[in-house]
J.: 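The structure that follows is given in the form of structure tokens.
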Amino acid sequence: MRASRYFMPTLREVPAEAELISHQLLLRGGFIRKQAAGVYVYLPLGWRVIRKIEQIVREETDRIGGIELFMPALVPQELLDETGRSGLDILFRLKDRHGRPFTLGFTHEEIITDIVRHAVSSYRQMPLLLYQIQTKFRDEPRPRGGVIRAREFLMYDAYSFDVDEEAMERAYQAVRDAYLRMFHRMGLPTIIVEAEAGAIGGGRNEEYMVVAEGGEDKVLQCDTCGYGANAERCELPDPNLVPPPINTVPPAQKVATPNARTVQEVTAFLNTTADRLVKTLLMRVDGKPAAAMVRGDRELNPYKLMHALNGESVEMMDASSIEQLTGAPVGFSGPVGLPPDLPLLADYELKGLQDFITGANEADAHLVHVCWGRDFPEPQWADLRVAEAGDRCPRCPTGTLREVRGIEVGHIFQLGVKYSRAMNALFTDAQGNLKPILMGCYGLGVSRCLAAIAEAHHDEHGIRFPITVAPFEVILILVNPEDGKQRETAEQLYSALLQQGVEVLYDDRDERSGVKFKDADLIGIPIQVVVGRAVQDGQVEVRLRADKSPQRLAIANAPAHVLALIDDLKRELEPAR
RNA sequence: CGGGGCGUAGCGCAGCAUGGUUAGCGCGCCUGCUUUGGGUGCAGGAGGUCCCCGGUUCGAAUCCGGGCGCCCCGACCA
């Protein structure tokens with residue numbers, strides 16, 4: 001490709017809207033352009049990268065027996081009614097001319113299950129692994145980071161169908177390994193962590209995280225055993241604390257705390273510390289009220305409360321319901337005097353705490369010297385708080401958790417019969433029994449990978465693409481187009497490389513050399529071939545974007561050398577191929 | 001949805017508190033010359049519904065009201 005005839009609008013200055021380095025570089029390098037919040041154009045360079053990512057995921061899925069298909073982006077709402085997901089607020093909704101409600105697909109479990117329930121009826125037709133690469137639409141409350149969290153984005157999603165638990169587990173493992181190969185081939189270093197299932201639901205599920213400063217997920221990792229989990233999932237062990245004696249604790253006493261609602265305000269007012277305070281949070285699990293207690297300096301993990309009560313959804317109770325239930329405005333809730341039928345749960349940690357401060361369930365008042373088992377019934381103990389760096393590992397005796405940030409590039413789930421049961425996707429087994437199909441679903445953010453790659457591979461000059469996903473393998477830089485000898489050499493090398501099947505971007509533009517070098521570094525093509533003044537000595541320079549150390553070569557040897565370099569770079573990421 | 005910030009040429013910004021020439025600067029773009037190994041120098045030029053609607057005023061980019069859009073933090077999120 002001749003750069004003079006190509007479309008690569010690079011930007012010299014950093015667009016004000018971009019915060020993340022990957023976002024800045026992708027905008028500046030002419031890979032993407034914003035159309036609206038969370039809606040992006042993929043410019044030619046960006047689209048070439050996307051197509052390479054797609055190719056890798058196709059090859060690796062095909063290798064484990066996956067079969068590609070293509071589902072509609074336009075999804076009839078009634079299909080989502082079957083699984084109760086038509087009310088989700090991330091759905092884009094529209095109506096056709098007859099007023100029939102549609103949504104834009106945010107994920108495709110219902111569609112694929114619908115196809116399979118009509119076409120699969122026997123155990124002989126499984127196992128089955130179907131996948132697609134599709135545009136997904138999610139009306140995110142807050143798009144951010146460019147294509148990291150977009151409202152319209154490209155996603156690969158695969159779905160497995162099996163006859164029993166073991167077969168489902170085998171399919172899950174096969175995809176799990178295939179994902180590792182995909183990310184490795186893309187040059188994305190990932191870690192696998194346990195995760196929450198969110199709107200997809202189901203059982204076991206894991207996320208693939210690219211560790212990056214700009215990542216939006218908090219990930220906790222054990223320094224000893226390798227356990228890793230998303231912070232919204234990460235379990236904590238029961239420290240089995242011994243309750244301190246309460247015979248010397250003075251009776252609970254009400255104190256006035258005018259306008260002191262937050263932990264910070266209360267501790268300041270009572271001149272104490274947050275770990276002497278117990279927060280009581282009123283929540284709804286599956287719509288039913290529940291109270292959860294954590295220490296004042298901790299954070300409640302709502303999912304943990306949901307799991308403790310075997311629920312499927314959780315939300316904070318709204319202010320007026322709280323007032324109705326406790327008799328006090330938000331900020332003054334406490335465990336003393338709550339309705340006896342209200343489930344009351346407390347984090348394990350509180351087992352070792354007595355003589356604490358809580359809300360009094362009365363406006364502008366708190367209680368001091370509160371003890372559980374004395375002033376209110378012993379609560380149900382559970383793991384309820386959000387894990388933090390420094391906490392003990394839940395999987396091994398000596399490990400400590402540390403915290404990193406990650407970009408979630410993949411998420412795999414064992415769905416079990418959640419969708420097949422709801423949608424009546426049944427099959428007949430060898431014994432003639434009618435059973436629901438066991439499903440798994442496996443998502444990979446294709447467009448998000450583009451951003452993750454830029455986030456993981458860049459320096460102060462620009463992106464440094466791994467060769468497997470680079471928009472071109474080689475950039476051929478003609479330093480001075482006015483120089484006949486240089487031009488002639490560059491043209492000759494260009495044809496030679498093309499003939500060898502090399503993907504080469506030939507920068508023949510009538511630009512200053514400085515512009516070309518800056519652009520080459522910015523767009524990150526891994527191999528740079530510079531045709532400059534060295535042609536006088538019959539030489540050109542070859543250098544890697546990654547280390548920049550130039551190597552001078554006789555012009556005649558350059559194509560073979562470049563070919564060998566490409567091979568080397570590819571072998572690092574695709575050893576088996 | 002809560003808090004904060006922003007909206008002026010393709011991009012980055014100034015001007016706005018105190019209303020008043022023809023709305024300005026840098027980059028980019030066009031023309032000519034120059035230069036040719038890291039965003040070259042000189043000269044000339046084009047490009048603006050100052051986000052939108054309404055109001056105040058002799059006069060609004062500037063003041064007031066309403067709306068829309070965008071970014072960041074939080075809530076939320078596969």
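Each chain gets a letter, A, B and so on, in the order the sequences are listed, and its residues count up from 1. Heavy atoms only: backbone and side chains are in, while hydrogens, waters and symmetry mates are out.
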J.: What's the CE-P distance between A:Met283 and B:A75, to the nearest Å?
T.: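 These atoms are roughly 12 Å apart.
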
J.: Checking base pairs now: Watson-Crick or wobble, both atom distances under 3.5 Å. What partners B:U18?
T.: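 Its partner: none found.
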
J.: In chain order, what residues pass the side-chain hydrogen bond (donor to acceptor under 3.5 Å, both in side chains) check against A:Lys34, with sequence neighbours excluded?
T.: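 For A:Lys34, the residues satisfying side-chain hydrogen bond (donor to acceptor under 3.5 Å, both in side chains) (neighbours in sequence not counted) are A:Glu17.
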
J.: Give the rounded distance in Å between these two atoms: CG of A:Leu104 and P of B:A78.
T.: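 Computing the A:Leu104:CG to B:A78:P distance gives 18 Å.
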
J.: For A:Asn557, give me all partners under side-chain contact (heavy atoms from CB on, under 4.5 Å), at least two apart in sequence or on another chain.
T.: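 Once residues adjacent in sequence are excluded, the partners of A:Asn557 under the side-chain contact (heavy atoms from CB on, under 4.5 Å) criterion are A:Ala554.
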
J.: Does A:Tyr156 have a side-chain nitrogen or oxygen under 4.0 Å from the phosphate oxygens OP1 or OP2 of B:A78?
T.: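 Checking B:A78 against A:Tyr156, no side-chain N or O comes under 4.0 Å of OP1 or OP2.
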
J.: Using a heavy-atom cut-off of 4.0 Å across all strands, would you classify A:Glu17 as base, sugar-phosphate, or nothing?
T.: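 Answer is sugar-phosphate: A:Glu17 comes under 4.0 Å of backbone atoms only.
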
J.: Could you tell me which nucleotide pairs with B:G47 by Watson-Crick or G-U wobble geometry, both distances under 3.5 Å, or answer none if nothing does?
T.: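 Answer to the pairing question: none, since B:G47 forms no Watson-Crick or G-U pair.
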
J.: Tell me whether B:A46 sits syn or anti, counting syn as a glycosidic angle within 90° of 0.
T.: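 Base orientation relative to the sugar is anti.
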
J.: Considering only the P atoms, how many Å lie between B:G28 and B:C11, rounded to the nearest integer?
T.: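 The answer is 15 Å between these two P atoms.
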
J.: A:Phe92 has an atom CZ; how far is it from atom C1' of B:A78, in whole Å?
T.: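 Result: 15 Å.
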
J.: Under a 4.5 Å cut-off applied to non-hydrogen side-chain atoms, are A:His23 and A:Arg144 in contact?
T.: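 They are not in side-chain contact.
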
J.: With sequence neighbours excluded, tell me which residues meet side-chain hydrogen bond (donor to acceptor under 3.5 Å, both in side chains) with A:Gln134.
T.: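 Not a single residue meets the side-chain hydrogen bond (donor to acceptor under 3.5 Å, both in side chains) criterion with A:Gln134.
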
J.: A:Met155 side chain: which of B:C71, B:A78, B:G37 is closest?
T.: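 The closest nucleotide is B:A78.
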
J.: When all nucleic acid strands are considered with a 4.0 Å heavy-atom cut-off, which category describes A:Glu216: base, sugar-phosphate, or nothing?
T.: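 A:Glu216: no heavy atom of the nucleic acid under 4.0 Å.
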
J.: Can A:Glu109 and A:Thr107 be counted as having a side-chain donor-acceptor contact under 3.5 angstrom?
T.: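 On atom types as modelled, these side chains qualify, holding a pair under 3.5 Å.
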
J.: Can you measure A:Asn230 atom CG to B:C77 atom C1' for me and round it to whole angstrom units?
T.: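 Atom-to-atom, A:Asn230 to B:C77, this comes out as 11 Å.
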
J.: Looking across every strand, which nucleic acid part, if any, lies under 4.0 Å from A:Pro15 by heavy atom: base, sugar-phosphate, or nothing?
T.: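 Sugar-phosphate contact only.
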
J.: Could you tell me whether A:Thr107 contacts a base, only the sugar-phosphate backbone, or nothing, with contacts defined as non-hydrogen atoms closer than 4.0 Å?
T.: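 Result for A:Thr107 = nothing.
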
J.: With rounding to whole Å, what would you report as the distance between B:C58 and B:C51 at their C1' atoms?
T.: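 Pairwise C1' distance, B:C58 against B:C51, rounds to 27 Å.
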
J.: A:Glu299 has a side chain; which of B:A78, B:A75, B:G12 sits nearest to it?
T.: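 Closest nucleotide among those given: B:A75.
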
J.: Any Lys/Arg nitrogen of A:Lys218 or A:Glu388 sitting under 4.0 Å from an Asp/Glu carboxylate oxygen of the other?
T.: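 No salt bridge links A:Lys218 with A:Glu388.
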
J.: Applying a 3.5 Å limit to both distances, which nucleotide forms a Watson-Crick or G-U wobble pair with B:C68?
T.: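 Partner of B:C68: B:G7.
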
J.: Without decimals, in angstroms, what is the distance between A:Lys516 NZ and B:G37 P?
T.: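 From A:Lys516 NZ to B:G37 P: 11 Å.
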
J.: Tell me whether the rings of A:Tyr506 and A:Tyr494 are parallel (<30°), tilted (30 to 60°) or perpendicular (>60°).
T.: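 A:Tyr506 vs A:Tyr494 ring planes: tilted.
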
J.: Which nucleotide in the list B:G38, B:A78, B:G12 gets nearest to the side chain of A:Arg138?
T.: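 That would be B:A78.
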
J.: For A:Tyr40, which residues count as a ring pair (Phe, Tyr, Trp, His ring centres under 6.0 Å) partner, sequence neighbours excluded?
T.: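 So A:Tyr40 forms no ring pair (Phe, Tyr, Trp, His ring centres under 6.0 Å) with any residue.
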
J.: Which part of the nucleic acid, if any, lies within contact of A:Lys34, taking any heavy atom under 4.0 Å across all strands shown: a base, the sugar-phosphate backbone alone, or nothing?
T.: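 Here A:Lys34 touches the backbone only, sparing every base.
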
J.: Among A:Glu60, A:Glu169, A:Glu206, which one satisfies salt bridge (Lys or Arg N to Asp or Glu O under 4.0 Å) with A:Arg176?
T.: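 Among the candidates, only A:Glu206 passes.
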
J.: Answer whether the closest heavy-atom distance between the side chains of A:Arg33 and A:Leu11 falls below 4.5 Å.
T.: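 Yes. Closest side-chain heavy atoms under 4.5 Å.
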
J.: I'd like the P distance from B:C29 over to B:U18, given in whole Å.
T.: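 Pairwise P distance, B:U18 against B:C29, rounds to 41 Å.
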
J.: Write down the distance separating the P atoms in B:C6 and B:C53, rounded off to the nearest Å.
T.: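 22 Å, rounded to whole Å.
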
J.: Going by heavy atoms closer than 4.0 Å, what residues in residues 521-543 of chain A are next to RNA chain B?
T.: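 Hits under 4.0 Å, by residue number: A:Asp521, A:Val530, A:Gly532, A:Arg533, A:Ala534, A:Glu541, A:Arg543.
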
J.: Say we look at B:G24 and B:U8: how far apart would their C1' atoms be, to the nearest angstrom?
T.: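 Per the computed distance, 10 Å lies between those C1' atoms.
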
J.: What residue pairs, at least two apart or across chains, pass ring-ring contact (aromatic ring centres under 6.0 Å, His included) with a residue in residues 533-554 of chain A?
T.: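 Residue pairs passing ring-ring contact (aromatic ring centres under 6.0 Å, His included), neighbours aside: none found.
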
J.: Which residue pairs satisfy the ring-ring contact (aromatic ring centres under 6.0 Å, His included) criterion with at least one member in residues 279-308 of chain A, sequence neighbours excluded?
T.: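 Residue pairs passing ring-ring contact (aromatic ring centres under 6.0 Å, His included), neighbours aside: none found.
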
J.: Which nucleotide wins on minimum distance to the side chain of A:Phe153, given the candidates B:G37, B:A78, B:C76?
T.: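 Comparing B:G37, B:A78, B:C76 against the side chain of A:Phe153, the answer is B:A78.
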
J.: On RNA chain B, check which nucleotide each of A:Glu140 and A:Leu20 is closest to and give me the residue with the more 5' one.
T.: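 The 5'-side residue here is A:Leu20.
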
J.: What distance, rounded to whole Å, do you find between the two C1' atoms, one in B:G15 and one in B:A60?
T.: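 After rounding to an integer number of Å, I get 14 Å for this pair.
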
J.: What's the gap between B:A14 and B:A9 when it is taken at their C1' atoms, as a whole Å value?
T.: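 Result for the C1' pair: 14 Å, nearest Å.
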
J.: With a 3.5 Å limit on both atom pairs, tell me what B:C25 is paired to, counting Watson-Crick and G-U wobble, or say none.
T.: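 Because both required distances fall under 3.5 Å, B:C25 counts as paired with B:G12.
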
J.: Among pairs that include at least one residue of residues 514-533 of chain A, which meet ring-ring contact (aromatic ring centres under 6.0 Å, His included), considering only residues two or more places apart or in two chains?
T.: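 Pairs touching residues 514-533 of chain A that pass the test: none.
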
J.: Which nucleotide, in any strand shown, forms a Watson-Crick or G-U wobble pair with B:A75, with both distances under 3.5 Å?
T.: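 Its partner is none (no Watson-Crick or G-U wobble pair with both distances under 3.5 Å).
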
J.: Regarding A:Asp519, tell me which of base, sugar-phosphate or nothing describes its non-hydrogen contacts under 4.0 Å with the strands shown.
T.: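 Base contact.
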
J.: If you measure from the P atom in B:A61 to the same atom in B:G69, how many Å do you get, rounded?
T.: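 Result for the P pair: 24 Å, nearest Å.
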
J.: At under 4.0 Å between heavy atoms, which parts of nucleotides 2-10 of chain B does protein reach? Answer with one letter per nucleotide, 5' to 3': B base, S sugar-phosphate only, - none.
T.: ---------

J.: Select one nucleotide: of B:U36, B:G37, B:C77, the one nearest the side-chain heavy atoms of A:Tyr303.
T.: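 So the nucleotide nearest the side chain must be B:C77.
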
J.: Would you indicate which nucleotide in B:G12, B:A75, B:C70 comes nearest to any side-chain atom of A:Ala37?
T.: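 Of B:G12, B:A75, B:C70, B:C70 is nearest to the side chain of A:Ala37.
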
J.: Please list, chain by chain and in numerical order, all residues satisfying ring pair (Phe, Tyr, Trp, His ring centres under 6.0 Å) with A:Phe102, sequence neighbours excluded.
T.: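 Checked A:Phe102 against ring pair (Phe, Tyr, Trp, His ring centres under 6.0 Å); zero matches.
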
J.: Looking at residues at least two apart in the chain, or sitting in another chain, which of them share a ring pair (Phe, Tyr, Trp, His ring centres under 6.0 Å) with A:Tyr208?
T.: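 A:Tyr208 satisfies ring pair (Phe, Tyr, Trp, His ring centres under 6.0 Å) with A:Tyr179, A:Phe183 only.
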
J.: Here's a test of your reading of the structure: between A:Glu19 and A:Arg509, which maps to the more 5' nucleotide of RNA chain B?
T.: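 Nearest nucleotide further toward 5': that of A:Arg509.
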
J.: Would A:Tyr419 and A:Tyr159 count as a close aromatic pair, with their ring centres under 6.0 Å?
T.: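 Between A:Tyr419 and A:Tyr159, the centre distance exceeds or equals 6.0 Å.
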
J.: Heavy atoms from C-beta onward define the side chain here; which of B:A78, B:U36, B:C29 lies closest to that of A:Arg149?
T.: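 Within the option list, the nearest is B:A78.
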
J.: Nearest to the side chain of A:Glu482, which nucleotide is it out of B:U36, B:C71, B:C76?
T.: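 Per side-chain heavy atoms of A:Glu482, the pick is B:U36.
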
J.: Do nucleotides 40-50 of chain B as a string where each nucleotide becomes B, S or -: B if the base has a protein heavy atom under 4.0 Å, S if just the sugar-phosphate does, - if no protein is that close.
T.: B----------

J.: For A:Glu110 and B:A78, what is the distance between atoms CD and P respectively, to the nearest whole Å?
T.: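 Spelled out: CD on A:Glu110 to P on B:A78 is 14 Å.
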
J.: Mind checking if A:Arg151 touches a base, just sugar-phosphate, or nothing, with heavy atoms under 4.0 Å?
T.: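 Here A:Arg151 touches no strand at all.
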
